[in-house]
Amino acid sequence: MITAFVLIKTDASRIPEAAQEISELAGISEVYSVTGEWDLIAIARVRKHEDLADVIADKLSKVSSVMSTTTQISFRAYSQHDLDAAFALGFDH
């Protein structure tokens, strides 16, 4: 499974509508409205790298109020369990 985080700038007056439309796209698992430079962050989960082109370039970027996107592809996921285990190495409690 390939996971990508898509940072999205939209027409500010249509953030909720854009989020809803993006969340309905196949391959998008979650959409968050956020503070800062970006309006939305979407999480895309696909089977192959090539599928990202279908989801992001062919579908998400064509949502009418989306003005620009930047995509960050993840290399590895770290769960809280993994992080707790890593920090516990070498320490006696």
Side-chain angles (χ1 to χ4, degrees):
M1 181 73 59
I2 309 298
T3 301
F5 299 89
V6 186
L7 311 172
I8 306 164
K9 289 187 181 182
T10 68
D11 174 348
S13 67
R14 295 200 22 87
I15 292 172
E17 294 84 0
Q20 182 64 41
E21 190 172 343
I22 293 166
S23 72
E24 294 171 357
L25 297 173
I28 299 296
S29 63
E30 300 162 66
V31 179
Y32 297 91
S33 61
V34 295
T35 61
E37 181 180 348
W38 303 95
D39 300 310
L40 300 170
I41 297 177
I43 300 176
R45 289 192 168 90
V46 297
R47 293 189 187 274
K48 305 177 299 197
H49 281 101
E50 296 81 18
D51 295 337
L52 287 174
D54 294 333
V55 174
I56 298 166
D58 295 338
K59 294 178 185 163
L60 188 150
S61 66
K62 293 181 180 171
V63 170
S64 63
S65 56
V66 170
M67 299 182 334
S68 66
T69 65
T70 296
T71 302
Q72 305 293 318
I73 299 171
S74 71
F75 292 124
R76 180 177 296 148
Y78 298 93
S79 69
Q80 187 60 45
H81 172 75
D82 293 337
L83 292 173
D84 288 344
F87 285 119
L89 293 177
F91 294 104
D92 292 326
H93 294 275

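Just so it is clear, the values below take in all heavy atoms, side chains as well, and ignore hydrogens, waters and symmetry mates. Predicted model only: the values in this text are computed from it and were never measured.
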Side-chain donor-acceptor distances from residues 49-65 under 3.5 Å, at least two apart:
| unit_1 | atom_1 | unit_2 | atom_2 | d |
| --- | --- | --- | --- | --- |
| D51 | OD2 | K48 | N | 3.3 |
| S61 | OG | I56 | O | 3.2 |
| S61 | OG | A57 | O | 2.6 |

Side-chain polar contacts of residues 5-13 - donor-acceptor pairs under 3.5 angstrom, sequence neighbours left out - could you list them?
| unit_1 | atom_1 | unit_2 | atom_2 | d |
| --- | --- | --- | --- | --- |
| D11 | OD1 | S13 | N | 3.0 |
| D11 | OD1 | S13 | OG | 2.9 |
| D11 | OD2 | S13 | OG | 3.4 |

Under 3.5 Å, sequence neighbours excluded: what are the donor-acceptor pairs made by side chains of residues 26-36?
| unit_1 | atom_1 | unit_2 | atom_2 | d |
| --- | --- | --- | --- | --- |
| S29 | OG | I43 | O | 3.3 |
| S29 | OG | R45 | NH1 | 2.7 |
| E30 | OE1 | Y32 | OH | 2.2 |
| E30 | OE2 | R45 | NH1 | 3.2 |

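For R47, there are no side-chain hydrogen bond (donor to acceptor under 3.5 Å, both in side chains) partners at least two apart in sequence or on another chain. S68 is linked by a side-chain hydrogen bond (donor to acceptor under 3.5 Å, both in side chains) to nothing, counting only residues two or more places apart in sequence or in another chain.
I15 and V66 fall within the same hydrophobic cluster, defined by Ile, Leu, Val, Met, Phe, Trp and Tyr side-chain heavy atoms under 4.5 Å apart, directly or through other members. Put simply, L40 and I73 are part of the same group of oily side chains (I, L, V, M, F, W, Y) that touch within less than 4.5 Å, one to the next.
Through ILVMFWY side-chain contacts below 4.5 Å, M1 is grouped with nothing and stands alone.
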